[in-house]
Colleague: 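Have a look at the structure that comes next, please.
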There are 2 protein chains.
Amino acid sequence: MTKDDQLDAAFSALAHPARRAILAQLAQGTASVNALAEPFDMTLPAVSKHIRVLEHAGLISREKDAQFRLCKLETAPIQEIASWTERYRSIWEARFDTLDTLLADMKENDT
Amino acid sequence: MTKDDQLDAAFSALAHPARRAILAQLAQGTASVNALAEPFDMTLPAVSKHIRVLEHAGLISREKDAQFRLCKLETAPIQEIASWTERYRSIWEARFDTLDTLLADMKENDT
DNA sequence: GCATTATTATACTAATAAGTTAATTAAACA
DNA sequence: TGTTTAATTAACTTATTAGTATAATAATGC
């Protein structure tokens with residue numbers, strides 16, 4: 001899988017609020033599928049599918065524990081995304097500086 | 001539009017390599033639709049649609065200039081995503097520390 | 001006014017996504 | 001062994017996505 005494919009999968013997986021909510025739950029620690037499904041107004045197979053999508057994107061891993069499948073957050077794809085956003089930081093900071101200068105100017109000139 | 005919807009739109013828009021490539025082009029400065037389409041092996045209407053998706057997600061804005069529609073990168077949604085990833089930074093740093101400690105341990109004990 | 005250039009709209013196809021219900025697998029437990 | 005609990009698979013529906021070709025709009029420049 002190319003880097004682009006990995007980003008495709010990660011961005012696409014994160015483009016659903018239920019899946020982001022599942023990751024937020026997993027930030028508190030590992031959990032079973034049933035536990036993860038509990039807060040949602042959705043059938044279990046639907047949640048199961050969301051979990052598969054997250055796993056396919058490498059955002060979670062799974063471990064069998066008796067009759068449970070414990071899900072665990074994996075951060076690598078999130079780090080990839082964070083690093084992708086960094087390429088744009090200089091742009092937004094430059095624009096913020098511009099806005100900042102403009103605001104300072106306005107204050108100085110009492111406009 | 002709720003914050004969740006904004007993130008949905010942004011993540012979803014970024015889940016296509018052509019759209020990320022368009023943003024990369026726009027990081028160099030504004031550009032017309034034709035200029036943006038040039039590097040792609042794709043029809044113009046297809047690129048036009050990708051641009052609409054980016055605009056809908058707030059990732060670009062447009063300005064009419066004669067017969068051209070100049071596209072401009074907008075960083076707000078990228079900042080939102082960067083900020084979303086930050087919630088998980090403590091987790092990946094903690095794990096890195098663990099790995100780090102483990103490696104140091106191995107070295108110390110010559111295992 | 002008319003041809004050219006830039007862009008979008010329309011109409012269509014094929015693939016994928018998100019959800020459902022019902023059936024199945026697999027381990028635990030009594 | 002039979003039942004319960006956990007989770008997935010299968011089959012299906014509906015909606016959306018990504019692309020195409022072709023037609024339409026809109027401004028420019030001769």
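Just so it is clear: chains get the letters A, B, ... in the order the sequence lines come, proteins before strands, and each one is counted from 1.
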Colleague: With sequence neighbours excluded, tell me which residues meet side-chain hydrogen bond (donor to acceptor under 3.5 Å, both in side chains) with R62(B).
Modeller: E55(B)
Colleague: Nearest whole Å is fine: how far is dT5(D) P from N34(A) CG?
Modeller: 11 Å
Colleague: Let me know the distance between CD of E63(B) and P of dA6(C), rounded to the nearest Å.
Modeller: 18 Å
Colleague: So which atom in I81(B) and which in F11(A) form the shortest heavy-atom distance, rounded to 0.1 Å?
Modeller: CD1-CE2, 4.5 Å
Colleague: Identify, residue by residue, the members of residues 37-57 of chain B with a heavy atom below 4.0 Å from DNA chain D, and return them in order of residue number, or none.
Modeller: M42(B), T43(B), P45(B), A46(B), K49(B), H50(B)
Colleague: Which whole-number value in Å describes the distance from K64(A) NZ to dA27(C) P?
Modeller: 5 Å
Colleague: For a quick test of reading the model: is some side-chain N or O of R19(B) closer than 4.0 Å to OP1 or OP2 of dT17(D)?
Modeller: no
Colleague: Might you point out which heavy atoms bring C71(B) and L26(B) nearest each other, and give the distance in Å?
Modeller: O-CD2, 3.4 Å
Colleague: To the nearest Å, how far apart are I22(B) CD1 and dA18(D) P?
Modeller: 11 Å
Colleague: Take R69(A) and R69(B), find for each the nucleotide of DNA chain C with the closest heavy atom, and name the residue whose nucleotide sits nearer the 5' end.
Modeller: R69(B)
Colleague: Grab the NE2-P distance between H16(B) and dT17(D) for me, whole Å please.
Modeller: 12 Å
Colleague: Rounded to whole angstroms, how far apart are CG on L36(B) and P on dT7(C)?
Modeller: 9 Å
Colleague: Mind calculating the distance between CZ (F68(A)) and P (dA7(D)) to the nearest angstrom?
Modeller: 6 Å
Colleague: Considering all heavy atoms of both residues, which atom of A13(B) and which atom of R19(B) are nearest to each other, and what is their separation?
Modeller: O-NE, 2.6 Å
Colleague: In whole angstroms, how far is the C1' atom of dA26(D) from the CD atom of Q67(B)?
Modeller: 9 Å
